Amino acid sequence: MAGEAEYAAIELHVLRAARVGPSTMRVTFGGEKVDDFTSGGRDQRFKLFLPHPHQEAPVVPVDAGEDWFTAWRMQDPAERAVMRTYTVAAQRPGELDVDFVLHGDGAHAGPAAAWAASAGEGDRVLVLGPLSPDNSAIDFRPPEGTDHYLVAADETALPAAAGILAHLPAGTRVQVWISVPEAGDRRELPTAADAEVTWLVRGDGEDIVRAVREADVPAGGTPYAWIAGESAMVKALRRNLVNDRGVDRKAVCFTGYWRRGATEEDLLAEVIAGGTPHLDED
Ligand SMILES: Cc1cc2nc3c(=O)[nH]c(=O)nc-3n(C[C@H](O)[C@H](O)[C@H](O)COP(=O)(O)OP(=O)(O)OC[C@H]3O[C@@H](n4cnc5c(N)ncnc54)[C@H](O)[C@@H]3O)c2cc1C
């Protein structure tokens, strides 16, 4: 499917699914070739292809080689697989975990959230997965000499933030802000780093943008910031760091993981039309 050997189309099926908090379903995938998927950790993302409710398996033009994307776009949207972007939450031999946020409910849920809400053993998906841990679908790349890390995420970027924290070695200083819908969505974030984690529970009126604006972030040094989540939140946080605090814009890695009111197809259409994915540059 992908032309270069960096990624491969890998068929997976659900081994089990379990709630890991009020807002999230952890789906564990297996499959004959699941171990070909080689996560590099941190914020490792991948493309996930899901069947429509009337289908047994996702319809993906895997035979189109390098041209799979063009071929996929030309297929009937009602039949071609639903393509979404997700993060590796964990990987063990024979198993790959993905944490799906169950946003919306019933008819209001997006197709991926709806799929995850009812995922059951044997359900089939296809992923475009990395074949090497050093792959281009990892965005967390601090420059050498970074002496202070700032990580801000909402619940969709919680698996990525957890992956980053698991990756940071002992002796690194990291300030972390995570916005979640409910108190029950908070979880342990194992790390060897010297981490100061602040949870912001939106259901309790807590606001991540206000929290970061009011935070005591050391000035100077060589900071590196990683921000991901809902696009408006990401933009506001980036502005605070770059415009108000003078953090070098090149040291701020920011990604809109979703945008209120827009489906992933809408965002993809913007990219194809020449816009910036999910976010506009200031
Ligand atoms: C690099 C990257 C990594 C990501 N990793 C993860 C991950 O590990 N886990 C995860 O859950 N998500 C992750 N996301 C976000 C996920 O791809 C989007 O939330 C996606 O829109 C979900 O698809 P859907 O079919 O459920 O909803 P869509 O059909 O895309 O959207 C339907 C409607 O729901 C709204 N919506 C979408 N997501 C949310 C949300 N979380 N909360 C409230 N409303 C929403 C949209 O604005 C739209 O109005 C990631 C995104 C990116 C770019």
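Only a predicted model underlies this, so the values are computations on that prediction, with no experimental measurement involved. When a residue number appears, it is its place in the shown sequence, counting from 1.
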### Query
Ala71 and Ala64: which non-hydrogen atoms are nearest, and at how many Å?
CB-CB, 3.7 Å
### Query
Arg202 and Glu155: salt bridge (Lys or Arg N to Asp or Glu O under 4.0 Å), yes or no, with the steps?
CA-CA 11 Å; Arg202 297 198 297 278; Glu155 63 276 19; 2.8 Å; yes
### Donor on one side chain, acceptor on other, Trp226 and Asp139, under 3.5 Å
no
### Query
Where do Arg259 and Glu264 land on the salt bridge (Lys or Arg N to Asp or Glu O under 4.0 Å) test, with the steps shown first?
CA-CA 8 Å; Arg259 192 166 77 205; Glu264 198 161 329; over 6 Å; no
### Query
Is the side chain of Asp123 donor-acceptor paired with the backbone N or O of Val14 at a distance under 3.5 Å, no angle test?
no
#### Entry: Derivation and outcome, side chain to side chain donor-acceptor pair (under 3.5 Å), residues Asp185 and Ser23
CA-CA 7 Å; Asp185 292 313; Ser23 307; 2.7 Å; yes
### Query
Counting N and O atoms only, with roles assigned by atom type, does the side chain of Asp147 sit under 3.5 Å from a partner on the main chain of Gly221, one being a donor and the other an acceptor?
no
### Message
Using a 3.5 Å distance criterion without hydrogens, assess whether the side chain of Ser39 forms a donor-acceptor pair with backbone atoms of Gly41.
### Response
yes
### Message
For Leu165, is there any backbone N or O sitting under 3.5 Å from a side-chain donor or acceptor partner on Thr191?
### Response
yes
### Summary
For His52, the ring-ring contact (aromatic ring centres under 6.0 Å, His included) test, sequence neighbours excluded, returns His54
### Message
side chain to side chain contact (heavy atoms under 4.5 Å, CB included) for Val62 and Leu126? Distances and angles first, verdict last.
### Response
CA-CA 10 Å; Val62 280; Leu126 187 125; 4.1 Å; yes
#### Entry: Check: Ala232 main-chain N/O paired with Glu230 side-chain donor or acceptor under 3.5 Å
yes
### Main-chain N/O of Gly21 paired to Thr24 side chain as donor or acceptor, under 3.5 Å
no
### Query
More than 12 heavy atoms of other residues, nucleotides or ligands under 6.0 Å from CD of Glu265: is that the case?
yes
### Summary
Heavy-atom closest pair (Ala153 atom, Met233 atom, distance to 0.1 Å) is C-CE, 4.0 Å
### Task
With side chain to side chain donor-acceptor pair (under 3.5 Å) as the test, would you mind laying out the steps for Thr28 and Asp97 before giving the verdict?
CA-CA 4 Å; Thr28 301; Asp97 290 343; 2.7 Å; yes
### Message
Using modelled atom types and a 3.5 Å cut-off, is there a donor and acceptor pairing between side-chain atoms of Thr38 and backbone atoms of Asp36?
### Response
yes
### Task
In sequence, state the C-alpha distance, the side-chain angles, and the governing distance for Met83 and Trp72, and then conclude on side chain to side chain contact (heavy atoms under 4.5 Å, CB included).
CA-CA 9 Å; Met83 181 172 74; Trp72 173 83; 3.6 Å; yes
### Task
Check for a donor-acceptor pair, side chain of Asn135 on one end and backbone N or O of Pro130 on the other, with a separation under 3.5 Å.
no
### Query
Is the backbone N or O of Pro159 less than 3.5 Å from a side-chain atom of Asp99, with the two atoms forming a donor-acceptor pair by type?
no
### Message
Just verifying a value: how many Å separate Asp76 CG and Arg80 CZ, rounded to the nearest 0.5 Å?
### Response
8.0 Å
### Query
Which value, rounded to the nearest 0.5 Å, describes the distance between Asp154 atom CG and Ile178 atom CD1?
9.5 Å
### Query
Distance-only, no hydrogens or angles: does the Arg141 side chain make a donor-acceptor pair with backbone N or O of Ile138 under 3.5 Å?
yes
### Query
Any side-chain heavy-atom pair from Tyr257 and Thr87 closer than 4.5 angstrom?
yes
### Rounded distance [0.5 Å steps], CZ in Arg186 versus CH2 in Trp199
8.5 Å
### Query
Which distance, rounded to the nearest 0.5 Å, do you find between the CZ of Phe254 and the CD1 of Ile227?
8.0 Å
### Task
For the residue pair Asp67 and Thr70, confirm or rule out a side-chain donor-acceptor distance under 3.5 Å.
no
### Query
Can you list the steps and then say if Val217 with Leu150 is a side chain to side chain contact (heavy atoms under 4.5 Å, CB included)?
CA-CA 9 Å; Val217 176; Leu150 305 165; 3.9 Å; yes
### Task
Could you go through the side chain to side chain donor-acceptor pair (under 3.5 Å) check for Ser132 and Asp134 one step at a time?
CA-CA 5 Å; Ser132 143; Asp134 184 18; 5.7 Å; no
### Query
Is there side-chain contact between Arg16 and Arg26, with heavy atoms separated by less than 4.5 Å?
no
### Message
Does Arg19, at its CZ atom, have more than 12 non-hydrogen atoms belonging to other residues, nucleotides or ligands within less than 6.0 Å?
### Response
yes
### Message
Nearest 0.5 angstrom please: Lys47 NZ to Arg45 CZ, how far?
### Response
7.5 Å
### Query
What about Phe37 and Phe29, are their ring centers closer than 6.0 Å?
no
### Task
Could you grab the distance from atom CG of Leu189 to atom CD1 of Ile164, nearest 0.5 Å is fine?
11.0 Å
## Note on the structure
Looking only at heavy atoms, the pair that brings Thr222 and Gly145 closest together is CB-O, 3.4 Å
### Task
Could you tell me if the ring centre of Tyr7 sits under 6.0 Å from that of Phe46?
no
### Task
Output, in order, the C-alpha distance, side-chain angles, deciding distance and verdict of side chain to side chain donor-acceptor pair (under 3.5 Å) for Gln44 and Gln91.
CA-CA 11 Å; Gln44 177 74 65; Gln91 192 177 13; over 6 Å; no
Distance-only donor-acceptor pairs under 3.5 Å for side chains of residues 205-216, two or more places apart:
| unit_1 | atom_1 | unit_2 | atom_2 | d |
| --- | --- | --- | --- | --- |
| Glu206 | OE1 | Val201 | N | 2.7 |
| Asp207 | OD1 | Val209 | N | 3.0 |
| Arg210 | NH2 | Gly205 | O | 3.4 |

### Message
Under the criterion salt bridge (Lys or Arg N to Asp or Glu O under 4.0 Å), I'd like the reasoning laid out for Arg173 against Asp194: C-alpha separation, chi angles, the key distance, then a yes or no.
### Response
CA-CA 5 Å; Arg173 282 188 308 158; Asp194 179 8; over 6 Å; no
### Query
Can you find a pair of side-chain heavy atoms, one from Arg73 and one from Ile272, that are under 4.5 Å apart?
yes
### Query
Is it true that the side chains of Trp68 and Asp63 contain a donor and an acceptor less than 3.5 Å apart?
no
### Query
Is the Phe100 to Tyr86 ring centre distance short of 6.0 Å?
yes
